[in-house]
There are 2 protein chains.
Amino acid sequence: MSEILKLQKKIVPELTEILEKRYNILRYIYYNQPIGRRTLAGNLGIGERVIRTEINVLKKQELLEIQSIGMSVTEEGKMIIDKLQDFIHALRDLSSLENRLQEILMIKKVIVVPGTFDEDQLILKDVGKIASLCINSMIKDNNIIGITGGSTMAQIAEEMPENKSKKGVLVLPARGGLGKNLETQANNISAKIAKKLGGMYKLLHVPDSLEKEALETILKIPEIREIRELIKKIDILVLGLGRADEMARRRKLSEKTIEEIMNKGAVAEAFGHYFNRDGQKVWESSTVGLSLVDFQNVENVVCIACGKKKTEAIMSIASLKSNITLILDEGVAREITRLAN
Amino acid sequence: MSEILKLQKKIVPELTEILEKRYNILRYIYYNQPIGRRTLAGNLGIGERVIRTEINVLKKQELLEIQSIGMSVTEEGKMIIDKLQDFIHALRDLSSLENRLQEILMIKKVIVVPGTFDEDQLILKDVGKIASLCINSMIKDNNIIGITGGSTMAQIAEEMPENKSKKGVLVLPARGGLGKNLETQANNISAKIAKKLGGMYKLLHVPDSLEKEALETILKIPEIREIRELIKKIDILVLGLGRADEMARRRKLSEKTIEEIMNKGAVAEAFGHYFNRDGQKVWESSTVGLSLVDFQNVENVVCIACGKKKTEAIMSIASLKSNITLILDEGVAREITRLAN
DNA sequence: ATATGCGGGACTAAATATGACCCTGATGTA
DNA sequence: TACATCAGGGTCATATTTAGTCCCGCATAT
């Protein structure tokens, strides 16, 4: 942590608290604007009057403006929010936490996003933003980017900035359709990201898990075969991590199968594979998407995970491969270090 | 000012106030330790109870310790004080003030010390410390350092750190004896500084101002002649600035002479010469010390000045020569920019 | 028309900060 | 040795700030 921060925390120890309080308020307004005072207070679990006091300060500093429709963040306020995130990163010494996690999980890079998802669901947006920037910085001309599904991934697509500087980018769904929600389908997310990157995309029009026979039939379709070949050439794989139990249910596996998988110690699911704590594959759903071998061969893997319930899944997947960039929230990050001790 | 500081001042505007309050308290204790709560409150003009609240914070942070004899600053506290001074320098954007002064006065370098001498006499100690560090960094082997008198200079000698790394350093008084106070005599100060630097020193055993005949007689004394020759070879001249009126009185000039000098518009005194606002010499006391020509030839001149009453004197002396390093307190620095507008 | 959610005002209760004074003990001085 | 002085700590009434709560008028959407 920088000298200057230590100095400040020493002489004005209450600084951290005030700063984080105001940051949270400002951020919440930003993500929900326009929003009223009462709603804000209720959602943040802070007294209405406290909000009012802080609002007055922020208004005076011209970080937010008040209209009859509700409060919203000014342009200056938006900039401040971005900078504050980095500042809080430093204030909480998250760089040290990142380094510790890199050692514990033995992976290339860890990015910890300030905040605890379990306490504040908005953290998902922050994680999405950070992840989208991270991915963006990795992309080179003619790269093939593999995308999985899930709410975290959907958020990444949402927050991904428009950047059409790279040529010939191809975005591929790395898994088929799963669950009911359109917004969180790999297909949908791939298309969204491709548009923002000014790239191409392909769709994988199949359910994620299939019976063996159905899989064989489907693999005879030329379009599907083409995508399958392309998936093997993925340069950057963006992977939302899942819990084994949740994903098994979402896949509509039979209760018997689920019990079987769980009995084998499955904690994590990724691209249709189920892994135990030690990163050993204990079950595999027959899928048209990425195989374990394909996964091992991908050069850049970005794993994104939010929430303490993903703790074990993260630890499992991280042991599969060292060339992983892991992006996660502070809450689950601390939980991992706690378990590692 | 650094990005991070702007950010903080924007989101926690009350930071500055709290920080400066605690800095002042800590600093006052440091310079007067051990000191009691009541005395402290009285001298700082803060309520006794306020002091108590702040003391509790500082104690909790282990920046000061409390004994039955009074409060004193811990080792950590001392370090914090030093760092805080730089921090406040940044917080108040004094670098910009320094640059502005360099332009206004057209001199090489300006160092502004945080605080207003007229409100807080302890600033003299800070100025002394900064000046002593500045001088220290200028010294090279075999340098001859010229020293004048005054309370500011005395403080520099006091705060000068022991540093015997340079060889063959010679410290010379650049003026004779003046006034009653032993502590502020150029002779005394020179000796003190020489000891701290592990160098040699010479003494100038003559009154600072003399009648012409007396001067001629004295100049025949070999020891005096020797020093006079050495003075012409001064590498670093450390100059405390004086007001014309004050110095004239301290020199015990006749009321008639004083009136004459003042009528000519004298505002500044330095090494026995009196200057008007434009830096023109209007009167000269016959002295064995530095001449105006000698002064112009010195390579490094460090001017030190404290207090708003020195405003005009500073502006006058600065116009004499561009190769000056000026060290002054924030109060008089701002006064100069105010006058320049 | 009306229900909802908005900011702002106002009043009370609680918490905190402040001021004022006393007490006891350590220390230095007569 | 006695005493004056100055130290920190305790205490308590009071001033000020902060927080909780409710109401009002207004804009907006239904």
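A, B, ... follow the sequence lines: proteins, then strands. Residue 1 opens every chain.
Put simply, the side chain of B:R52 and the base of D:dG10 share a donor and an acceptor less than 3.5 Å apart. Put simply, the side chain of A:R37 and the base of C:dG5 share no donor and acceptor less than 3.5 Å apart.
Look at CZ on A:R38: it is 14 Å from P on D:dG20, rounded to the nearest Å. Taking atom CD on A:Q33 and atom C1' on C:dG7, their separation rounds to 17 Å, with Å as the unit. B:I46 has its CD1 atom 10 Å from the P atom of C:dT18, to the nearest Å. The separation between B:I66 atom CD1 and C:dT24 atom P is 21 Å, rounded to whole Å. What separates CD1 of A:I29 from C1' of C:dG7 is a distance of 13 Å, to the nearest Å. Note: CD1 (A:I51) to P (D:dT21) measures 14 Å, nearest angstrom. A straight line from CD1 of A:I35 to C1' of C:dG5 spans 11 Å, rounded to a whole angstrom. Rounded to an integer number of Å, the gap from A:E48 CD to D:dC22 P is 10 Å.
Between A:S68 and A:E54, the one whose closest nucleotide on DNA chain D sits nearer the 5' end is A:E54. Where B:I69 and A:M71 each meet DNA chain C at their nearest nucleotide, the meeting point lying more 5' is that of A:M71.
Distances from the side chain of A:R49 to the nucleotides D:dG20, D:dA7, C:dG7 place D:dG20 closest.
A close approach under 4.0 Å does occur between a side-chain nitrogen or oxygen of A:T39 and OP1 or OP2 of C:dC6.
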Check your understanding: Given B:Q61 and B:E76, is the side chain to side chain donor-acceptor pair (under 3.5 Å) satisfied, shown in steps?
Key -> CA-CA 10 Å; B:Q61 297 298 107; B:E76 193 181 1; over 6 Å; no
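Here the CD1 atom belonging to A:I88 is positioned 9.5 Å from the OG1 atom belonging to A:T16, to the nearest 0.5 angstrom.
Remark: A:K196 does not engage A:E162 in a salt bridge, criterion side-chain N to carboxylate O under 4.0 Å.
Nearest heavy atoms, A:I18 versus B:E14: CG2-OE2, 4.4 Å.
Residue-environment remark: CD (A:E17) stays at or below the threshold of 12 foreign heavy atoms within 6.0 Å.
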